[in-house]
Protein chains: 2
Amino acid sequence: MPERTTTARATPDERRRQILDVACTLFAHHGYAGTTTKAIASAAGITEGLIYHYFGGKADLLVEVVNQRSALLTQVRTLLRDEGDAPVVRTMPLIARGWVELVRRQGDLVITMVSESHAHPEVGAAFQGLLDEIRGGLEGYLQRRVAAGELRADLPVSVAAASFLSSLLMFFYTRADLDEAAWQVEASRFTAALLDVWLHGALAPTQNPTQNPTP
Amino acid sequence: MPERTTTARATPDERRRQILDVACTLFAHHGYAGTTTKAIASAAGITEGLIYHYFGGKADLLVEVVNQRSALLTQVRTLLRDEGDAPVVRTMPLIARGWVELVRRQGDLVITMVSESHAHPEVGAAFQGLLDEIRGGLEGYLQRRVAAGELRADLPVSVAAASFLSSLLMFFYTRADLDEAAWQVEASRFTAALLDVWLHGALAPTQNPTQNPTP
DNA sequence: GTCTATACGGAGATAGAC
DNA sequence: GTCTATCTCCGTATAGAC
């Protein structure tokens, strides 16, 4: 078995990972086209030439970075499966918090996908595919809660799921620069309020004058 | 007074506009860093040198493009003012449709702002400022409808407004490539369903067992 | 596996003729 | 106001030594 006495750091796989991580961060902060191979090498503490030992070219970096979304998708699936068929008032807050924290932890990847969506059709397709799968998962859960009679029968589940996820995603996207402490506070507030609106709607309860004026 | 007999097209102001329009379109499709001055000149039917006669440099183009957002803001303000204090079931559909059509007509600008948000802090700030002002406007309207008793008193108006706008914005952002016909269909459907969820919420009406089992 | 050195093209920008 | 010509630098990518 391969033994390492001292020093000798960074196995090939670690290097690949490291380069991809650095690239992802820089892509998020400066955009793909705005990130130079020199900057990537410098931030990774290596030379430009080494990048081409591990990857075919700069374009490959973007592809491989975006492919890491599958890990993100897996985590969301776990999130949805774990909360199987519990009532929405219990599950939705967990999904909301899980989704928002997941997006934040994978923030650079998400920012890169959103930012490069329109410049690189493949990225746009990957991003939309990811959102669609996640929305589909949530949709399935909502459908089951409709069947259980907990959600209204005429709820447009697909749009309800999309709206829920979009709102949290946009929230993250516009506050990604917050430090961890401020983020926790704002994310909690926003999530709670969003759930309130999403569950109960904006309208005042039954002010229909022909029925139940004051019950 | 300045007279023009024939030909002699493109006044200085028209040229500026034209260059900015072309730049905005290309920024949206290839990103700022991915757009070359050569490409802008070529698409505008002029030479690169002329760009520098009208603008200080490429960076100025981005700034001026993003500054066009004020026009967008004005239009939203008009939209909100015109529908003053009418009931939500009448006004919100108009706001939804107006917002979504506005965003689509100014699609290249919106895509550019979103895409370049994190690479260029000034753009990010401009974008967030724009969203904040629009949300604030909608929030004011909602607050008045709360006062009128039409919306529930405990509605988190700020988040309700943000969620409404975010959902429509993300919808546009992920379907910007649809052709006009398909767009009209999908936008109508989405908008109607979103309003349904937003107004009435997802929960089934009062299945509280201690009260009104079947009224 | 990692670095040095270098080729090559293209990017933004300027000068000056018309 | 518009174009042609050109400058300079920097970006990606390769070759080859260690």
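Lettering follows sequence order; numbering is per chain, from 1. We use all heavy atoms of the structure for the numbers below, so side chains are in, but hydrogens, waters and symmetry mates are not.
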What is the distance from OH of Tyr54(A) to P of dC3(C), rounded to the nearest Å? 10 Å

Nearest-angstrom distance from the residue atom CG of Leu50(A) to C1' of dA15(D): 15 Å

Rounded to the nearest angstrom, tell me the gap between atom CD1 in Ile51(B) and atom P in dG1(D). 16 Å

Salt bridge (Lys or Arg N to Asp or Glu O under 4.0 Å) for Glu133(B) and Arg77(B)? Distances and angles first, verdict last. CA-CA 9 Å; Glu133(B) 286 203 64; Arg77(B) 283 224 183 85; 2.6 Å; yes

Rounded interatomic separation in angstrom, taking CD from Gln18(B) and C1' from dG1(D): 13 Å

Please work out if Ile46(B) contacts a base, only the sugar-phosphate, or nothing of the nucleic acid, heavy-atom cut-off 4.0 Å. sugar-phosphate

With salt bridge (Lys or Arg N to Asp or Glu O under 4.0 Å) as the rule and sequence neighbours excluded, what pairs involving residues 24-49 of chain A come up? Lys38(A)-Glu48(A)

Taking only N and O in the side chain of His53(A), is any of them less than 4.0 Å away from OP1 or OP2 of dT2(C)? no

Do Asp132(B) and Arg135(B) meet the salt-bridge criterion of a basic N to acidic O distance under 4.0 Å? yes

Between Phe190(A) and Phe171(A), what is the ring plane arrangement, given parallel below 30°, perpendicular above 60°, and tilted in between? parallel

What protein N or O atoms touch nucleotides 6-12 of chain C N or O atoms at under 3.5 angstrom, if any, and at what distances?
residue : atom : partner  : partner atom : Å
dG12(C) : OP1  : Thr35(B) : O            : 3.3
dG12(C) : OP1  : Lys58(B) : NZ           : 2.9
dG12(C) : OP2  : Thr37(B) : N            : 2.7
dG12(C) : OP2  : Thr37(B) : OG1          : 2.9

For Glu64(A) and Gln68(A), test the side chains for any donor-to-acceptor distance below 3.5 angstrom and give the result as yes or no. no

Over 12 non-hydrogen atoms of neighbours within 6.0 angstrom of CZ in Arg144(B): yes

Is there any protein nitrogen or oxygen under 3.5 Å from a nitrogen or oxygen in nucleotides 15-17 of chain C, and what are the pairs?
none

Around atom CZ of Arg16(A), are there more than 12 heavy atoms of other residues, nucleotides or ligands at under 6.0 Å? yes

Distance-only side-chain donor-acceptor flag, Tyr173(A) / Ser166(B), under 3.5 Å: no

